[in-house]
Amino acid sequence: MKEEFDHIFHKIHTWLEAGCGVGNSLFPLMEFYSHIKAYACDFSTRAVRLVRESEHFDSRRMNVFQCDLTQSQLNNHIPSSSIDLVTLVFVLSAVHPEKMPAIACDISSCLANSGYVIVRDYAVCDHAMIRFDGKCKLNDRHYVRQDKTMSYFFYKEELEKLFTDNDYLMITRCRCSKLLDLYLRQRAYPAWTAFFVRYRDVIDDHRGYSYFNFDVEGRNYVILRTGCYPFIKYHCSLHPVIDTNVLDRFYTFLKIANLGFPCLVYGIAGLLFAKSKDVVRISDTVSIELKFWYKENW
């Protein structure tokens with residue numbers, strides 16, 4: 001979660017982990033993001049007790065409590081509209097489908113304006129679904145384990161509808177590596193291309209890299225990457241694999257030595273002068289806009 005949503009954790013101040021278990025996510029993230037105050041809850045009183053008894057528990061920064069999310073109990077523990085981020089990791093699938101809307105509504109009541117909800121859960125045809133036999137099936141995509149806990153397997157559109165029906169706005173982003181792969185395929189593997197993409201539109205899994213090799217269907221591209229807020233700039237050249245370590249360190253050193261000032265100027269120039277546009281099709285319904293200095297010969 002840290003790698004994928006680092007940009008969110010850095011800018012929030014309050015976090016609710018709904019379904020915290022015994023703190024396997026709570027404690028590492030709270031240690032890394034020392035500015036955050038966390039609320040954490042779980043249906044299991046035993047799990048809550050184990051979190052509170054842990055040597056990593058800090059009562060000054062963590063409020064941990066037992067809660068049944070289907071009974072609209074969050075406001076008994078959390079002030080209204082006070083949470084910047086809510087995480088639901090394999091929580092909804094353990095709840096009866098008829099009770100899921102109540103959870104989405106309850107979370108909404110404590111979520112701040114412009115707050116985020118991050119959901120990770122089981123999808124149709126996950127390996128966990130395939131392993132269930134017919135005797136465990138309660139209903140369509142709904143199963144019960146031997147310990148009597150439930151598992152529900154979602155369609156992506158179904159999960160989106162659960163939240164949009166409760167007035168949530170869906171934010172669909174992809175990793176920079178996926179964006180790069182999709183765009184180079186979309187352009188039919190060009191010999192060279194260079195573009196800007198907004199930070200807000202992607203998950204920056206290339207953070208920390210300035211010069212690197214990138215494989216697309218057996219074709220190697222040498223990538224020069226620069227963070228120039230509010231953009232990331234990519235220069236992509238079709239070229240055999242090379243040793244990029246020395247130049248990668250060199251470009252990174254230059255950015256640090258110049259305190260990032262040229263990168264900031266580059267970003268402002270991109271805002272003012274990069275007028276040509278193209279889009280990357282992420283899915284049937286989602287596209288991400290790219291900007292260019294000039295229209296490339298497509």
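Between the CD1 atom of Ile36 and the CD1 atom of Ile12 there is a distance of 4.0 Å, given to the nearest 0.5 Å. Between the SG atom in Cys174 and the CD1 atom in Ile282 there is a gap of 3.5 Å [rounded to 0.5 Å]. Here the straight-line distance linking atom OG1 of Thr244 with atom CZ of Phe250 works out to 14.5 Å at 0.5 Å rounding. Distance SG/Cys67 to OH/Tyr39: 13.5 Å, rounded to 0.5 Å. We find the CG-OG distance between Leu92 and Ser151 to be 12.0 Å, quoted to the nearest 0.5 Å.
Among pairs with a residue in residues 124-153, those fulfilling salt bridge (Lys or Arg N to Asp or Glu O under 4.0 Å) read Arg141-Glu158, at least two apart in sequence or across chains. Evaluation of the ring pair (Phe, Tyr, Trp, His ring centres under 6.0 Å) test over residues 93-118, restricted to residues two or more places apart or in two chains, returns His96-His142.
Not counting sequence neighbours, the partners of Ser82 by the side chain to side chain contact (heavy atoms under 4.5 Å, CB included) test are Ile78, Pro79. Taking the side chain to side chain donor-acceptor pair (under 3.5 Å) definition, one finds that Asn245 meets it with Asp243, sequence neighbours left out. Every side chain to side chain donor-acceptor pair (under 3.5 Å) that Tyr33 has, sequence neighbours left out, goes to Asp6. Scored by the ring pair (Phe, Tyr, Trp, His ring centres under 6.0 Å) test, His77 finds Phe65 as partners (sequence neighbours excluded). The side chain to side chain donor-acceptor pair (under 3.5 Å) test applied to Gln66 returns no partner, not counting sequence neighbours. Residues forming a side chain to side chain donor-acceptor pair (under 3.5 Å) with Asp58 (at least two apart in sequence, or on another chain): Arg60. Every side chain to side chain contact (heavy atoms under 4.5 Å, CB included) that Leu238 has, sequence neighbours left out, goes to Arg219, Tyr221. Residues passing the side chain to side chain contact (heavy atoms under 4.5 Å, CB included) test with Gln146, sequence neighbours excluded: none.
Looking at heavy atoms from C-beta onward, Phe57 lies in side-chain contact with Met62 at the 4.5 angstrom threshold. The shortest side-chain heavy-atom distance between Leu180 and Ser177 does not fall under the 4.5 Å cut-off. Between Trp192 and Ser237, some side-chain heavy-atom pair lies under the 4.5 Å cut-off. No side-chain heavy atom of Ile242 sits under 4.5 Å from any side-chain heavy atom of Leu247. The side-chain heavy atoms of Arg49 and Arg46, taken from C-beta on, include a pair separated by under 4.5 Å. Proximity of Val95 to Leu69: side-chain heavy atoms (C-beta onward) are nowhere separated by under 4.5 Å. In this structure, Asp121 and Leu88 have side chains that are not in contact, with every pair of non-hydrogen atoms separated by 4.5 Å or more. Taking 4.5 Å as the limit, every side-chain heavy atom of Ile223 sits out of range of all side-chain heavy atoms of Tyr209.
Leu50 forms part of a hydrophobic cluster together with Val22, judged by ILVMFWY side-chain heavy-atom separations under 4.5 Å.
Nearest heavy-atom pair, Cys41 versus Leu16, reported as atom, atom and distance to 0.1 Å: SG-CD1, 4.3 Å. Here the closest heavy-atom approach between residue Phe153 and residue Ala123 is recorded as CD2-O, 3.5 Å.
In the model, Ser108 has no side-chain atom that pairs as donor or acceptor with a side-chain atom of Asn166 under 3.5 Å.
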Please report the C-alpha distance between Arg281 and Gln186 in whole Å, then the side-chain angles of each, then the deciding distance to 0.1 Å, and finally whether the side-chain contact (heavy atoms from CB on, under 4.5 Å) criterion is met. CA-CA 8 Å; Arg281 294 183 293 275; Gln186 181 178 309; 3.7 Å; yes
side-chain contact (heavy atoms from CB on, under 4.5 Å) between Phe5 and Thr87, worked out: CA-CA 11 Å; Phe5 300 107; Thr87 53; over 6 Å; no
One pair to check against side-chain contact (heavy atoms from CB on, under 4.5 Å): Phe154 and Tyr122. What are the steps and the verdict? CA-CA 6 Å; Phe154 291 93; Tyr122 293 113; 5.5 Å; no
Please walk me through it: do Asp84 and Trp15 pass side-chain contact (heavy atoms from CB on, under 4.5 Å)? CA-CA 6 Å; Asp84 298 320; Trp15 166 39; over 6 Å; no
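In the displayed structure, Tyr229 atom OH is contacted under 6.0 Å by at most 12 heavy atoms of other residues, nucleotides or ligands. Enclosure of atom CZ in Phe43 is not indicated, since only 12 or fewer non-hydrogen atoms of other residues, nucleotides or ligands lie within 6.0 angstrom. In Arg185, the CZ atom is crowded: over 12 heavy atoms of neighbouring residues, nucleotides or ligands sit closer than 6.0 Å. Heavy-atom contacts from other residues, nucleotides or ligands closer than 6.0 Å to CZ of Phe90 number more than 12. A 6.0 Å sphere centred on CZ of Phe9 holds more than 12 heavy atoms belonging to other residues, nucleotides or ligands. Residue-environment remark: CZ (Arg207) stays at or below the threshold of 12 foreign heavy atoms within 6.0 Å. By the neighbour-count criterion of 12 heavy atoms within 6.0 Å, atom CD of Glu53 is densely surrounded, having more than that number from other residues, nucleotides or ligands.
Under the 6.0 Å cut-off for aromatic ring centres, Phe195 and Tyr183 qualify, their centroids lying closer than that.
Taking the six-membered ring where tryptophan is involved, the planes of Phe212 and His206 are tilted, since the angle between them lies from 30° to 60°.
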Enumerate, atom names and distances included, each donor-acceptor pair closer than 3.5 Å involving a side-chain atom of residues 253-271, sequence neighbours excluded.
| from | atom 1 | to | atom 2 | distance (Å) |
| --- | --- | --- | --- | --- |
| Lys255 | NZ | Ser210 | OG | 2.8 |
| Lys255 | NZ | Arg225 | O | 3.0 |
| Asn258 | ND2 | Leu254 | O | 2.8 |
| Tyr266 | OH | Lys233 | NZ | 2.8 |

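Here the side chain of Asn220 pairs a donor or acceptor atom with the backbone of His239 at under 3.5 angstrom. Although no hydrogens or angles enter the test, the distance criterion places a donor-acceptor pair under 3.5 Å between the side chain of Glu296 and the main chain of Ala194. Using modelled atom types, no side-chain atom of Ser54 and backbone atom of Val51 make a donor-acceptor pair closer than 3.5 Å.
Between Lys161 and Glu157, no side-chain nitrogen of the basic residue sits less than 4.0 Å from a carboxylate oxygen of the acidic one, so the salt-bridge criterion is not met.
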